[in-house]
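This report concerns only the one structure given below.
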Amino acid sequence: MGAFDESKTKMNILIKNRNILQTTYIPDQLPHRENEVKNIVEIITPSLYKHKPSNILITGKTGTGKTAVLNYIGKELKKEDPSEENCSFLYVNCEIVDNPYGMLFNISNQIIKDQSNKIPFTGWSLDRVYDTLINSIDKENKIFIIVLDEIDRILQKNGDDIFYFLTTMNEKLKNSKVSIIGVTNNTKFTELLTSKIRSRLGEEKVVFPPYNPEQLQDILRKRAELAFEPGVVEEGVIPYCAAVSAQDSGDARKALDLLRVSAEKAERRGDSIVTEAHVKEAINAIEKDTVQEVIRTLPSQSKIILRSIIENHEKKDTSVITGDVYSLYKEICKGLNISPKSEKRVADLISELDMLGIIHARVKSFGRQGRTREIELNINKDIIEFVMKDELFEPLSKYKPPKQTKLL
DNA sequence: TGTCCACTGGAAGGGAGGGCTT
DNA sequence: AAGCCCTCCCTTCCAGTGGACA
């Protein structure tokens, strides 16, 4: 008897080609993004003739196909110019490298092939990195199209100096030229830029509208045809996945995830077709998993703050405010033998929890009682349990589950 | 009508930790 | 080894504020 035997007999392989349902998969066609592709292609075509295309600013919510479209265009561009004699297409995800040094480092090392000349990942001054980058770009004597995905990330933390660098680069280049494609899901992104940089970065603008339910269905169908044998997915499943995702966000990535997880649920149960019941199961599982994952990976300080918020809610009926959270936070720290951070820091971390969607923190004035944040929990009982059971809190006395918890 | 609370939100700066340069 | 540089995390400082209450 091998360890896998039982699971193997129960398992019923439904997904013929798992790859296709992964979010990293780049399809050969991008349904309902024909206009956007055409639009961008027209703008960057001059690069094939070694002319600098305009910079482009692309906006659109998550899961509207921005990244997929750009990957696709990158591949197609390479087909037109296989040796990259006239133009190169570079992609940088600013969510992963969200500081100026990292960004320049990343761009440079896609250009500099010679190992010995590579820029170290830290240690140099920005000026030096910048100069080296300009030199190596100019040496290539061609057009560089640099895609900066999630470009708002870098702005948030660092201001727009780096974009000044990038957009004035061309003035220093003699042989090569650079054009920037900025990608963001933040529609207010441009408002945060100084006007000079705004006009430079947004010479052309392309907006990706969210998919409507029919379009999502279409996308899912196309993928499902490739991923499953005919008949495996029950009739209503795809419209259902599409409807749920469209209502939620119009996010194709989520819709795809939902379909994949649903199929996996069916597989694990040993069922031979994927049904709407599996989708329902998947919706819950995904929701729970993502929240738990967010919480699990929270830094200790944030976990303590979250615990403080939870306990405050358990023992009070009135609104929980920053001050309450901070004083209990300090006590918990004491119990754990961790030195507490400043009030300001804790207030900032509360804002972060808010942004993650774990809590709702709204600024509210209580008149004579001052002006502060009113904090609500945005997680259910299961997740609260999950937080309280975190191993970080093991040194504290056992946690007794609340009789009743106020929930949203 | 003005006061005044309990913060908020922004700025500035320190210092630890990474690593290069001379 | 000493001196730089960049980033991250954090502290300190401070002006600003919505609205209940006197």
Side-chain angles (χ1 to χ4, degrees), chain A residues 92-109 112 114-136 148 150-166 186 188 191-194 297-306 308-309 312-313 316-334 336-356 358-376 392:
Chain A
V92 179
N93 189 334
C94 303
E95 194 177 14
I96 299 164
V97 280
D98 61 356
N99 54 311
Y101 192 104
M103 203 171 97
L104 295 180
F105 165 78
N106 198 305
I107 296 169
S108 309
N109 287 345
I112 305 172
D114 181 1
Q115 280 297 329
S116 56
N117 289 331
K118 289 219 168 183
I119 292 170
F121 83 94
T122 174
W124 282 11
S125 72
L126 274 177
D127 281 346
R128 185 169 171 195
V129 177
Y130 183 58
D131 288 343
T132 313
L133 177 59
I134 287 189
N135 280 333
S136 43
L148 302 175
E150 314 268 335
I151 194 174
D152 45 312
R153 280 312 188 90
I154 211 155
L155 181 79
Q156 265 173 28
K157 303 176 71 175
N158 307 283
D160 59 7
D161 287 0
I162 185 69
F163 301 129
Y164 183 78
F165 261 168
L166 287 174
N186 181 356
K188 291 192 188 128
E191 291 169 24
L192 305 171
L193 296 168
T194 52
T297 52
L298 238 35
S300 315
Q301 291 296 338
S302 301
K303 285 183 186 170
I304 300 172
I305 293 166
L306 187 53
S308 166
I309 295 169
N312 263 296
H313 270 288
K316 306 182 60 174
D317 284 336
T318 55
S319 344
V320 173
I321 61 167
T322 306
D324 301 336
V325 174
Y326 188 66
S327 39
L328 185 51
Y329 157 85
K330 274 198 295 191
E331 294 207 1
I332 300 174
C333 281
K334 211 166 158 198
L336 293 172
N337 207 10
I338 290 175
S339 52
K341 303 294 172 202
S342 68
E343 257 185 286
K344 169 66 177 168
R345 182 68 188 144
V346 170
D348 285 346
L349 289 174
I350 290 174
S351 300
E352 273 177 35
L353 289 176
D354 182 41
M355 286 202 291
L356 288 171
I358 299 170
I359 60 172
H360 283 308
R362 282 186 308 172
V363 178
K364 186 179 170 188
S365 176
F366 294 86
R368 266 281 157 85
Q369 270 74 254
R371 187 169 169 271
T372 175
R373 282 205 196 86
E374 190 180 32
I375 301 163
E376 297 282 341
L392 173 69

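Remember, predicted model here, so these are calculated numbers, not experimental data. Just so you know, these numbers use all the heavy atoms, side chains as well, and skip hydrogens, waters and symmetry mates. Lettering of chains follows the sequences in order, A, B, ..., and the numbering in each one begins at 1.
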[X] to [Y] - nearest heavy-atom pair and separation:
X         : Y         : value
Val129(A) : Ser108(A) : CG1-OG, 4.4 Å
His360(A) : Asp354(A) : CA-OD1, 3.5 Å
Leu148(A) : Met103(A) : CD1-CE, 3.9 Å
Ser116(A) : Asp114(A) : OG-OD1, 2.9 Å

Please identify each residue that fulfils side chain to side chain donor-acceptor pair (under 3.5 Å) with Arg371(A), with sequence neighbours left out. none
Partners of Asp98(A) by side chain to side chain donor-acceptor pair (under 3.5 Å), sequence neighbours excluded? Lys157(A)
Length of the [atom1]-[atom2] vector between [X] and [N], whole Å:
X         : N       : atom1 : atom2 : result
Phe105(A) : dG19(B) : CZ    : C1'   : 12 Å
Glu343(A) : dC7(B)  : CD    : P     : 7 Å
Lys344(A) : dA12(B) : NZ    : P     : 13 Å
Gln369(A) : dC4(B)  : CD    : C1'   : 11 Å

Checking Tyr329(A) now: which residues fulfil ring-ring contact (aromatic ring centres under 6.0 Å, His included) with it, not counting sequence neighbours? Tyr326(A)
ring-ring contact (aromatic ring centres under 6.0 Å, His included) involving Tyr130(A) - partner list, sequence neighbours excluded: Phe165(A)
For Thr372(A), which contact category applies under a 4.0 Å heavy-atom criterion: base, sugar-phosphate, or nothing? sugar-phosphate
Less than 3.5 Å apart, which donor and acceptor atoms pair up between the side chains of residues 338-350 of chain A and the rest of the protein, not counting sequence neighbours?
unit_1, atom_1, unit_2, atom_2, d
Ser342(A), OG, Arg345(A), N, 3.2

Side chain proximity check, [X] to [Y], heavy atoms < 4.5 angstrom:
X         : Y         : value
Ile119(A) : Trp124(A) : yes
Asn106(A) : Ile96(A)  : no
Phe121(A) : Asn109(A) : no

Heavy-atom donor-acceptor pair, Arg368(A) side-chain to dT3(B) base, under 3.5 Å: yes
If you walk 5' to 3' along DNA chain C, what is the first nucleotide with an atom under 4.0 Å of a heavy atom in chain A, and what is the last? dC5(C) to dC21(C)
Step through the shown structure and confirm whether more than 12 heavy atoms of other residues, nucleotides or ligands are within 6.0 Å of CG on Asn337(A). no
Are more than 12 heavy atoms, taken from residues, nucleotides or ligands other than Lys118(A), located less than 6.0 Å from that residue's NZ atom? yes
Could you list by number each residue of residues 346-354 of chain A showing a heavy-atom separation from DNA chain C of less than 4.0 Å, or answer none if no residue does? none
Members of residues 320-330 of chain A that approach DNA chain C, where some heavy atom sits under 4.0 Å away: none
Per the end-axis method with five pairs at each terminus, what is the bend angle of the helix from dT1(B)-dA22(C) to dT22(B)-dA1(C), to 10°? 30°
Tell me, please, which residues at least two apart from Lys364(A) pass side-chain contact (heavy atoms from CB on, under 4.5 Å). Phe366(A), Glu374(A)
Sequence neighbours excluded, which residues qualify as side-chain contact (heavy atoms from CB on, under 4.5 Å) partners of Arg368(A)? none
Nucleic acid contacts - residues 124-132 of chain A versus DNA chain B, non-hydrogen atoms under 4.0 Å: Trp124(A), Arg128(A)
